[in-house]
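No hydrogens, no waters, no symmetry mates; every other heavy atom, side chains included, goes into these values.
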Amino acid sequence: MFRYSSFAAAPALLILLSGTAHAALTADQVWQSWKDGGAAMGLAITAATESNSGGVLTLNGVTITPAGAPAGFTISDMTLTEEDDGTVTIEPGAAMGLDIAEGANAAKVAVTHEGLEIVAREENGGLVYDYSADTMNVDFDIATEGYSFDDTQPKPVVKNTGKLALEALEGSYSDTPGANRAFGLDVTAGKMALTTASDDPGMQMKTTSNSETTDLAMALDVVLPSTTPLTTIQGPADFRKVLEEGFSVDVALSQGVSTGNSSQQSEFFSYDLTLTSQPGEAAFGFDKDTFSVVSKGAGLEASMTSAAVPAPIEVSIGEVATNIALPIMATAPADLLFQMKLSQLTLSDGVWGLFDPGAALKREPFDLNIDLSGKSTLDLIGLAEAEESGAMPPIPAPEKLDITDISLKVAGAALNAVGSFTFDNSMGMPMPLGEATVNVTGANALIDGLIKTGIITEEDAMGARMMMGMFMVPAGDDALTSKIEVKEGMQVMVNGQPLPM
């Protein structure tokens, strides 16, 4: 079994930058805080030699090794210099990385840099590390045991190599003690380039990729309970405890324009792909009250060619946005939100021609918008606890659902729905009350086009048209509408007629 725990030491410069601040930091205090922090995390931090002269601590042969791992992260040398302003300047050596191997599995990671400098300072009773580098490169070479279709032959070795290159890197890392321990990490980079290559003999597949992204930024804030280490979590009940004690994670990401290409050589499907994405941003939050995800991208263009398809596959997308919020341990009604937007999904004529060579369908962009909100009790941790123990799960009890908008446009047809419902949970199951209106245009023209393309048959179309006739009424030329009402006693009315009709 490959000891991937060895990789836990790779981001050690961030993990270990912790400890209690002093009025005027010394190099020895910073070094000792790393060793103490490492021990608390199951990491052994050592140096082959240590020398302190005139407030300059020189370390050679620094190793950071997880407990039980055969090897860890190494740093050739490092100097910690005490400054007149009470800070400590840290300059890692040029050679950093790890080299581990177990049987057919092996990994080599080399970190190189130009101008990397870290400054430790005191703030709010904790330590803050400001860092910057002109460039930082991470080269990796990883081999893993692959899959063999012939059990009589040795399993092949899958090789993955690549390089991550960052330019104009800067940011800060903070560790603030208190009732709970707060960690913060801010990173910006003017440019990130990534190249990868993979060779899987068992699957007869070789893949290469190159990408470049500008104006990267990340802000990460984590609060860890001081009484319950995350390493002690064994199940949902333990996770509930750390959430109640204050565990939280907040991440914000943004990027500029990103371009890339990839190529795959395979017996099954070979292709060449190019991508260009416009600037975007995203945020993720998680605590005892809410799970939230917010993202927004300005657009994407993709083009793929392959001998398996007769024409290039070209796709472009306009704005894409998501906004999701769910309660985590809500025993009283809490806010729910689900919003999704996908605009101007456009296919090239070559793509349309794959399934509609006669242009029977209107070649218009695809649009989707979903905007739902409401309130409900929802205990996700309780559901996980019940699944583990076999106990009766806490039943979600919705209170309200607002359909602000559900709209879809595809191939000349359009659907729109709005509505609002409340729920009575006194009977042990949610009983909805409210109404929704659904409007459809261009449905018959779309069905006629799908028949001409051969995607559906006349018999399939007949069933679809019968369903539309039962639940919708004409509202103009190839336009239909339907008003759905749910009344007391679960009486459902469609266009004024009770169900079943």
Side-chain angles (χ1 to χ4, degrees), residues 6-18 62 64 72-79 89-99 107-121 128-142 160-175 183-198 207-222 250-262 274-284 295 297-298 300:
S6 299
F7 286 102
L13 285 176
L14 295 179
I15 295 174
L16 300 178
L17 302 183
S18 59
V62 178
I64 307 164
F73 194 78
T74 62
I75 305 172
S76 59
D77 58 276
M78 183 183 298
T79 60
T89 298
I90 304 154
E91 295 180 293
M96 297 185 286
L98 59 83
D99 188 348
K108 293 183 179 180
V109 178
V111 180
T112 58
H113 62 86
E114 292 182 6
L116 175 61
E117 184 176 272
I118 305 169
V119 177
R121 58 184 171 86
V128 177
Y129 293 80
D130 302 309
Y131 59 87
S132 63
D134 297 329
T135 64
M136 179 172 285
N137 301 320
V138 180
D139 291 88
F140 58 89
D141 186 345
I142 301 172
N160 292 279
T161 59
K163 179 177 183 177
L164 173 67
L166 297 168
E167 296 182 7
L169 178 68
E170 63 179 41
S172 65
Y173 172 86
S174 63
D175 173 19
F183 298 88
L185 174 64
D186 293 294
V187 181
T188 64
K191 185 172 71 173
M192 179 185 76
L194 176 64
T195 61
T196 66
S198 175
T207 306
T208 60
S209 69
N210 297 274
S211 66
E212 186 175 290
T213 304
T214 61
D215 301 325
L216 284 168
M218 180 186 75
L220 169 66
D221 292 290
V222 179
D250 289 286
V251 183
L253 304 165
S254 66
Q255 67 169 68
V257 174
S258 180
T259 59
N261 61 78
S262 65
T274 61
L275 290 169
T276 300
S277 66
Q278 299 304 312
E281 57 188 31
F284 167 86
S295 66
L300 171 72

Just so I know, are the side chains of [X] and [Y] near enough to count as touching, which here means a heavy-atom distance under 4.5 Å?
{"X": "L253", "Y": "F284", "answer": "no"}
{"X": "L275", "Y": "L300", "answer": "yes"}
{"X": "P279", "Y": "V257", "answer": "yes"}
{"X": "Y129", "Y": "D175", "answer": "no"}
{"X": "L220", "Y": "Y173", "answer": "no"}

N160: side chain to side chain donor-acceptor pair (under 3.5 Å) partners, not counting sequence neighbours | S198
Residues passing the side chain to side chain donor-acceptor pair (under 3.5 Å) test with S172, sequence neighbours excluded, are none
Do S262 and S209 get their side chains close enough for a donor-acceptor pair, meaning under 3.5 Å?
-> no
For the pair H113 (side chain) and A95 (backbone), establish whether a donor and an acceptor sit closer than 3.5 Å, ignoring hydrogens and angles.
-> no
Any donor-acceptor pair under 3.5 Å from T74 side chain to G97 backbone | yes
If you compare all heavy atoms of [X] against all heavy atoms of [Y], which two are closest, and at what distance to 0.1 Å?
{"X": "G184", "Y": "D221", "value": "CA-OD1, 3.8 Å"}
{"X": "S76", "Y": "G93", "value": "OG-CA, 3.9 Å"}
{"X": "G72", "Y": "L98", "value": "O-CB, 3.4 Å"}

Identified side chain to side chain contact (heavy atoms under 4.5 Å, CB included) partner of K163 from the options T195, N210, T196 = T195
Interatomic distance, OG1@T214 vs CE@M192, rounded to 0.5 Å, equals 10.0 Å
